[in-house]
Amino acid sequence: MKSYYITTPIYYVNDKPHIGHAYTTILADTLARFQRLVEQESFFLTGLDEHGLKVQQAAEKNGMSAKDHCDKMAPAFLELWDKLNIQYSDFIRTTEDRHVKIVQNVLNEVHENGDIYQDEYEGWYSVAEERFITDKELDSGLFREAKKIKERNYFFKMSKYQDALIEKIEKNENFIQPTTRKNEVLGFLKQDLSDLCISRPKSRLEWGIEIPFDKDYVTYVWFDALINYISAPKYSEDDNHFKQFWPADVHLIGKDILTTHSVYWSTMLMSLNIPLPKTIFAHGWWLTDEKKMSKSLGNVVSPLTLVDKFGVDAVRYYLMSEMVLGSDATFSMESFIKRYNSDLANDLGNLVSRVSTLINRNFDSTIPLSKDSNNDLSNEISNINIKDKLDNFQMDRLIQNIMDFVRSINGYMEKNQPWKLVKEDKKLAGNVLYNAAESLRIATVMLSPIMPEKCKEILNALGATSSSLDWGNLKSGEKIPESNPIFPRIIE
RNA sequence: GGCGGAGUAGCUCAGUUGGUUAGAGCAGCGGAAUCAUAAUCCGCGUGUCGGGAGUUCAAAUCUCUCCUCCGCUACCA
């Protein structure tokens, strides 16, 4: 049986991890956890992109080898993923032997297919930066010592696949998402595609994967990096294993690397004659509103600093609920606190408190008996279609649906008033509390991919042992602990 | 310049193939309740659906036009 295979980009080690990296990775983690919850096994790949000029230069600057530089940078990412509770299935680094070998396999294969040839590359070269620069960069005037030079290199016949790629994109509605990005790529492909220069002479750049059929060259870093998506599941090394994962269900990317994925990567796969990923999804960016931020809480610069202050799950919840996938979102302290207080503290956390306190005081800390599995709440749960929202990448809507249900539980409490009812008809009050607690259990299970730790706490507070989404899995007679606020209100 | 997207309540956004008095959350106002983290529940919106014109019995939803904002226009990673 094939696993749901989801990837993040592999992050370039030139940079320390920031909110962008964290967001994509949390999103992938959340989607992977949701898949495990509702449907199937999932395999979640992330990792690091470690070759290329900028890494080499950064290493030289610090007086260390490129490899040492990478080894020094890697822990920063691993520690952050740990802190953010990222449950990746595999973490790949492009300097690992397993990757290098497969990149060379791919190069050989593409070469043998006749899709690689040698030619002269002519472009503007910046002596100061030691690299070729784009026309745009030249126009910017930031690169003074620019001169036009020629260099012999290897090229990948990307243009050969242009028409086939256009057809694939047009035919497969879900291939490039959201639609606006799909249109961008199609617009891009209206112009003639040129071939891609995929080598760099070692005389200029040493830090890369050697071209297997010419030891004077290393591989262009993008060509190397993209292959991680198939090198991790062992393409060309273990066919059965590979087929359990490929094609990927979704490559999650930021909108800045849309072209490399939808054009470079797709044509590479076409040359290898293996299927394209089912979906490439480009999400938006987090914009920050510095003014608002500094007003509320001093000099908070990054949402990441909120993790220490308010907990990883609150931040995960905020990031997942606040961004409409595909659009940009604005981060502000103000919106974080609003979201936290109204959703987590007032609606959800407070509900846990009121239910558990009522059970503690009136039912000897024991989950009361359930009388009817058919009630307003159990019926309302069926309105939440997790799979539909996941298939359409509507994380914000999914959360909204779940939180609407949580609000309904509060409404149910208000309508049935178990604190009064308990004095008149204890059995009936018990039933009301059971229904509320069981609804809360299911809502919490639904939220657990987003807030794994906090949801465990809530389930524990409810004496719940089952993580089933079906009604009736909260056991009557189960003891519950004294209640403690799960999400203490943030008071400014 | 070319191609594409967006402009709906104070804020963030829903509004499927045109059809009852345009919706949700948050914020605001009023009330109820007091089990609960002063949390909860109920009620309250005279929004020119960016402007204008057109098609239609009927348009936020289709057509045209204008205005504003944004994205893409590759071989840096």
Worksheet item: Of all the choices, B:G25, B:G71, B:G15, which nucleotide is nearest to the side chain of A:Arg407 once you look at every atom?
Response: B:G25
Worksheet item: Heavy atoms under 4.0 Å, any strand shown: does A:Lys54 hit a base, just sugar-phosphate, or nothing?
Response: base
Fill in: Shortest side-chain distance from A:Arg354, nucleotide among B:A36, B:A77, B:U34
B:A36
Worksheet item: How close or far is atom P of B:A36 from atom CG of A:Asn362, stated in whole angstroms?
Response: 10 Å
Worksheet item: A:Ile169 has an atom CD1; how far is it from atom C1' of B:C72, in whole Å?
Response: 14 Å
Worksheet item: Which part of the nucleic acid, if any, lies within reach of A:Ser353 when heavy atoms closer than 4.0 Å are counted: base, sugar-phosphate only, or nothing?
Response: base
Worksheet entry | Non-hydrogen atoms of A:Tyr217 and A:Arg152 that approach each other most closely | OH-O, 2.8 Å
Discussion item. Is the distance between the ring centroids of A:His251 and A:Phe281 under 6.0 Å?
Written reply: no
Practice prompt. Could you walk me through whether A:Arg407 and A:Asp347 pass salt bridge (charged side-chain N to carboxylate O under 4.0 Å, His left out), step by step?
Written response: CA-CA 6 Å; A:Arg407 284 177 207 110; A:Asp347 289 341; 3.1 Å; yes
Discussion item. Categorize A:Arg339 for me: base, sugar-phosphate, or nothing, with a 4.0 angstrom heavy-atom threshold over every strand shown.
Written reply: nothing
Worksheet item: Just how far, in rounded Å, is P of B:A24 from CG of A:Leu398?
Response: 21 Å
Worksheet entry | Listed nucleotide nearest any side-chain atom of A:Phe132, set B:C41, B:A33, B:C76 | B:C76
Worksheet item: Do the ring centers of A:Tyr161 and A:Trp265 come within less than 6.0 Å of each other?
Response: no
Worksheet, complete the sentence: Re B:A14: Watson-Crick or G-U wobble partner, both distances kept under 3.5 Å, found to be none
Discussion item. Once you apply a heavy-atom cut-off of 4.0 Å, does A:Asn346 come out as touching a base, just sugar-phosphate, or nothing?
Written reply: sugar-phosphate
Fill in: Assigned partner base of B:C44, Watson-Crick or wobble definition, under 3.5 Å
B:G28
Worksheet item: Looking for any heavy atom pair under 4.0 Å, which part of the strands does A:Ser483 touch: base, sugar-phosphate only, or nothing?
Response: nothing
Item to complete: Starting at atom CG of A:Asn183, determine the distance to atom P of B:U73, rounded to an integer number of angstrom.
Response: 15 Å
Worksheet item: How many Å lie between CG on A:Leu351 and P on B:A38, as a whole number?
Response: 15 Å
Practice prompt. May I ask you to say what A:Lys420 touches in the nucleic acid, namely base, sugar-phosphate or nothing, with a heavy-atom cut-off under 4.0 Å?
Written response: sugar-phosphate
Worksheet item: Side chain of A:Gln191: nearest nucleotide among B:U73, B:A39, B:G25?
Response: B:U73
Worksheet item: Does A:Arg131 place a side-chain N or O at less than 4.0 Å from the phosphate oxygens OP1/OP2 of B:A77?
Response: no
Item to complete: Could you tell me the separation between the CG atom of A:Leu348 and the C1' atom of B:G25, rounded to a whole number of Å?
Response: 16 Å
Worksheet entry | For B:C69, the Watson-Crick or wobble counterpart (both distances under 3.5 Å) | B:G5
Practice prompt. Report which part of the nucleic acid A:Tyr12 touches: base, sugar-phosphate, or nothing (heavy-atom distance under 4.0 Å, all strands).
Written response: sugar-phosphate
Discussion item. Check the orientation of A:Phe336 and A:Phe310. Use parallel for under 30°, tilted for 30 to 60°, and perpendicular for over 60°.
Written reply: tilted
Worksheet item: Counting only Watson-Crick or G-U wobble pairs whose two distances fall under 3.5 Å, which nucleotide matches B:C35?
Response: none
Item to complete: Quick one: label A:His51 by what it contacts on the DNA or RNA (base, sugar-phosphate, nothing), any heavy atom closer than 4.0 Å.
Response: sugar-phosphate
Worksheet item: Can A:Lys168 be said to sit on top of A:Phe175's aromatic six-ring, NZ or CZ under 6.0 Å from centre and within 45° of the ring axis?
Response: no
Practice prompt. Examine A:Lys147 relative to A:Trp124 and say whether NZ or CZ is less than 6.0 Å from the centre of the six-membered ring and inside a 45° cone about the ring axis.
Written response: no
Item to complete: Would you mind classifying the nucleic acid contact of A:Leu186 as base, sugar-phosphate or nothing, using non-hydrogen atoms under 4.0 angstrom?
Response: nothing
Item to complete: Please work out if A:Met158 contacts a base, only the sugar-phosphate, or nothing of the nucleic acid, heavy-atom cut-off 4.0 Å.
Response: base
Worksheet item: What is the nucleic acid contact for A:Gly411, judged by heavy atoms within less than 4.0 Å: base, sugar-phosphate only, or nothing?
Response: sugar-phosphate
Worksheet item: A:Ser321 versus A:Asp396: any side-chain heavy-atom pair under 4.5 Å?
Response: no
Worksheet item: What is the pairing partner of B:U63, taking Watson-Crick or G-U wobble pairs with both distances under 3.5 Å in any strand?
Response: B:A53
Worksheet item: Under 4.0 angstrom, heavy atoms only, what part of the nucleic acid is A:Ile198 near: base, sugar-phosphate, or nothing?
Response: nothing
Worksheet item: Quick one: A:Ile399 CD1 to B:C26 P, roughly how many Å, whole number?
Response: 15 Å
Discussion item. Using a 4.0 Å heavy-atom cut-off, does A:Asn153 contact any base of the nucleic acid, only the sugar-phosphate backbone, or nothing at all?
Written reply: nothing
Discussion item. Among B:A77, B:A14, B:G25, which nucleotide has an atom closest to any side-chain atom of A:Thr260?
Written reply: B:A77
Discussion item. Regarding A:Asp195, tell me which of base, sugar-phosphate or nothing describes its non-hydrogen contacts under 4.0 Å with the strands shown.
Written reply: base
Worksheet item: Does the side chain of A:Lys182 get closer than 4.0 angstrom to OP1 or OP2 of B:G5 through an N or O atom?
Response: no
Worksheet entry | Any A:Tyr220 side-chain nitrogen or oxygen under 4.0 Å from OP1 or OP2 of B:A77 | yes
Practice prompt. Using whole Å, report how far CE of A:Met413 lies from P of B:A33.
Written response: 17 Å
Item to complete: Respond yes when some side-chain nitrogen or oxygen of A:Arg361 is under 4.0 Å from OP1 or OP2 of B:C35, and no when none is.
Response: no
